[in-house]
2 protein chains.
Amino acid sequence: MAEALERDDYGLLFALIRLAELGAHKSLVKVPTEKFGSILRLSQQSASRILRLLEQRGWIERFVSREGTYARITNGGFERLIGLHRDLARILESRIEPIAFRGIVFTGFGEGNYYVKLYRRVLRDKLGFDPYPGTLNLRAATIEDLKALERIRSLPAIEIPSFKGRGRSLGSARCYRVAVEHRVRGVMIVPERTHYGRDVAEILAAERLREKLGLKDGDIITVELTFEEDSLSKAKG
Amino acid sequence: MAEALERDDYGLLFALIRLAELGAHKSLVKVPTEKFGSILRLSQQSASRILRLLEQRGWIERFVSREGTYARITNGGFERLIGLHRDLARILESRIEPIAFRGIVFTGFGEGNYYVKLYRRVLRDKLGFDPYPGTLNLRAATIEDLKALERIRSLPAIEIPSFKGRGRSLGSARCYRVAVEHRVRGVMIVPERTHYGRDVAEILAAERLREKLGLKDGDIITVELTFEEDSLSKAKG
DNA sequence: ATTACTATGTTTCGAGTAA
DNA sequence: TTTACTCGAAACATAGTAA
């Protein structure tokens, strides 16, 4: 898909679309350069050049006569249009509502500090940052936010495996990269076992979020899923 | 559709597609300018500028942080993608086989000369050129060519009305603009009444085609329908 | 009418670099 | 590491004009 498009060809591809709109994908069409230029909002000269470039690329056939240029889109050119259409279709079909939720800040049981310290090494390795020892607890603000939370939990995550440390077994967890208030990068961590209900999200970040964002209990903040292609591969150290 | 695209925005629209392929239409996505530049095959600087321009156009939201730029496609930007997709869908769905046929040159009853002279004025007015007094007769080369001929005859045509001239009534006819051998502009004329069968096409042009193309009986040539938006309105004089 | 060449103006790109 | 500024270079657009 991406390989199908040299960047230099962007303008040309749009000219090709305009030609197709004139019917050049079905048959020879008369396209005087002056008129084609006005369609492209370019000069007669540029339209002429563009038709020649399209021919050079093999996207159109071109016959110049005294009354003007006749052009037809080739199979190669038509395939470009099909390719672009398919790329767009794939994008549009994959559209889902943005995955974000708003949560109400509350004070939890205070275990965050302890657990984050136990998991610190593996979290740092998996996440690429050293987590502040403590989680920010959020309760879904509305029923929609609860649904968003469930939707997030259904997605593939950064897996934190269970392991043994300090003589005790530590459960597994799953992490999702998020942006907090559009400004601070962090992860939402979903422990295998938790004291909280499914309407609660726990957020980890490199810094203390309450301080960084000036938060107090009852504040409502936005947490939004982010994607980094390298989420799973990034294991530096 | 066309109004939806300022020409200056072509490159930007493609950048938007690339962003969508990264998932930016669903959620915030991390797009460091260096990496985005390599996706677009542009420099880090240009990628940075393009992200700022996309934001200016209102097609994306953009949050710059220490680790890079986070971006998300806005509803406005998404609508551009939908618009482009719809334009392409309309084009692709309207695709039909090119309307062309190959015909075998033969010598007819020799009435062409006489009839073209009778119709000369009205033909010149309707077609925009002064027809050579004589038609080139073509017999469909294969059954596919016959089908193509029938398909052409089913399309809307340039109508030559019946009229009275030199004391006799002249039948109506219908004309289709064609390109002969990709080089010569002419029309295929379908008289209301004819001595020929439905496998025969009669071609008119400004010049004598046998001479211009060096044709003799038995030669096979290509005749292809062409479209000129102004076909029906062009009645100069 | 056309197309398209040449010369010139304008925009876009990216290396260097600051923050 | 980032983003993004400056400014010289490259690419692109068009007016004038020939054919």
Side-chain angles (χ1 to χ4, degrees), chain A residues 6-15 19 28-57 60-71 127-130 179 182-185 206 226 228 230 234 236-237, chain B residues 6-15 19 28-57 60-71 124 127-130 179 183-185 206-207 226 228-230 234 236-237:
Chain A
E6 287 303 318
R7 184 180 152 72
D8 302 347
D9 296 340
Y10 291 174
L12 289 186
L13 191 57
F14 273 92
L19 271 179
L28 267 189
V29 165
K30 185 182 179 183
V31 277
T33 54
E34 176 66 44
K35 172 176 267 182
F36 192 49
S38 79
I39 290 173
L40 298 180
R41 306 211 207 189
L42 286 174
S43 65
Q44 172 270 318
Q45 292 87 339
S46 294
S48 170
R49 196 184 57 247
I50 283 173
L51 286 172
R52 277 173 279 145
L53 288 172
L54 283 170
E55 184 183 38
Q56 238 174 54
R57 295 278 193 294
I60 68 168
E61 284 178 297
R62 183 168 147 275
F63 308 99
V64 179
S65 78
R66 227 202 277 72
E67 316 94 40
T69 300
Y70 287 78
L127 303 179
F129 65 86
D130 203 8
H182 295 166
R183 287 165 46 205
V184 186
R185 185 194 193 205
T226 65
E228 299 181 22
D230 55 351
K234 186 194 281 178
K236 64 180 169 187
Chain B
E6 286 304 318
R7 183 177 155 72
D8 303 347
D9 295 341
Y10 291 173
L12 289 185
L13 190 56
F14 273 92
L19 271 178
L28 266 189
V29 166
K30 185 183 179 183
V31 276
T33 53
E34 176 67 43
K35 171 176 270 183
F36 192 49
S38 78
I39 290 173
L40 298 180
R41 307 213 207 186
L42 285 174
S43 65
Q44 173 269 319
Q45 293 87 338
S46 292
S48 169
R49 197 183 54 247
I50 282 173
L51 287 171
R52 276 173 281 145
L53 288 171
L54 283 169
E55 184 184 39
Q56 241 174 51
R57 295 280 192 293
I60 69 168
E61 285 178 298
R62 183 167 146 276
F63 307 100
V64 179
S65 78
R66 226 206 273 72
E67 316 96 38
T69 299
Y70 287 78
R124 195 186 53 201
L127 304 179
F129 65 86
D130 203 8
R183 289 164 46 205
V184 185
R185 187 194 192 203
E207 296 163 274
T226 65
E228 300 181 21
E229 335 62 42
D230 54 351
K234 185 194 282 176
K236 63 179 167 187

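Atoms considered below: every heavy atom in the structure, side chains included; atoms not considered: hydrogens, waters and symmetry mates. Numbered from 1 within each chain, the chains take letters A, B, ... in sequence-line order.
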To the nearest Å, give me how far apart [atom1] ([X]) and [atom2] ([N]) are.
| X | N | atom1 | atom2 | value |
| --- | --- | --- | --- | --- |
| A:Leu53 | C:dA4 | CG | P | 11 Å |
| A:Glu34 | D:dT14 | CD | P | 11 Å |
| B:Ile50 | D:dA4 | CD1 | C1' | 14 Å |
| A:Leu42 | D:dT14 | CG | P | 5 Å |
| A:Phe36 | C:dT2 | CZ | C1' | 16 Å |
| B:Arg52 | C:dG14 | CZ | C1' | 13 Å |
| B:Lys30 | D:dT2 | NZ | P | 7 Å |
| A:Lys35 | C:dA4 | NZ | C1' | 20 Å |

Salt bridge (charged side-chain N to carboxylate O under 4.0 Å, His left out) filter on B:Glu67, not counting sequence neighbours, yields A:Arg185
A:Arg52 meets the salt bridge (charged side-chain N to carboxylate O under 4.0 Å, His left out) criterion, sequence neighbours left out, with none
Listed nucleotide nearest any side-chain atom of [X], set [options]:
| X | options | value |
| --- | --- | --- |
| B:Ser46 | D:dA4, D:dT3, C:dC13 | C:dC13 |
| B:Ser43 | D:dA4, C:dT3, C:dG14 | C:dG14 |
| B:Arg49 | D:dT14, C:dG14, C:dA4 | C:dG14 |

Across all chains, not counting sequence neighbours, the side chain to side chain donor-acceptor pair (under 3.5 Å) partners of A:Arg62 are A:Glu55
By side chain to side chain donor-acceptor pair (under 3.5 Å), B:Gln56 pairs with (sequence neighbours left out) none
Using the side-chain contact (heavy atoms from CB on, under 4.5 Å) criterion, which residues pair with [X]? Sequence neighbours excluded.
| X | value |
| --- | --- |
| B:Ser38 | none |
| B:Glu207 | B:Lys212 |
| A:Ala179 | A:Thr226, B:Leu28 |

- Message: Check this one for me: any side-chain N or O of B:Arg41 less than 4.0 Å away from OP1 or OP2 of C:dG14?
- Response: no
Discussion item. Less than 4.0 angstrom between a side-chain N/O of A:Ser48 and OP1 or OP2 of C:dT3, yes or no?
Written reply: no
When A:Ile60, A:Leu42, A:Leu19 are each screened for side-chain contact (heavy atoms from CB on, under 4.5 Å) with A:Ile50, the one that passes is A:Leu42
Do B:Thr69 and B:Phe36 make a side-chain contact, defined as non-hydrogen atoms from C-beta onward lying under 4.5 Å apart?
no
For a quick check of understanding: with a heavy-atom distance under 4.0 Å over all strands, which category does A:Thr69 fall into, base, sugar-phosphate or nothing?
sugar-phosphate
Between its two end axes (five pairs each) the helix from C:dT2-D:dA19 to C:dA19-D:dT2 turns, nearest 10 degrees, through 40°
Please produce a list of atom pairs where a protein N or O lies less than 3.5 Å from an N or O of nucleotides 16-19 of chain D.
from, atom 1, to, atom 2, distance (Å)
D:dG16, O6, A:Gln45, NE2, 2.9

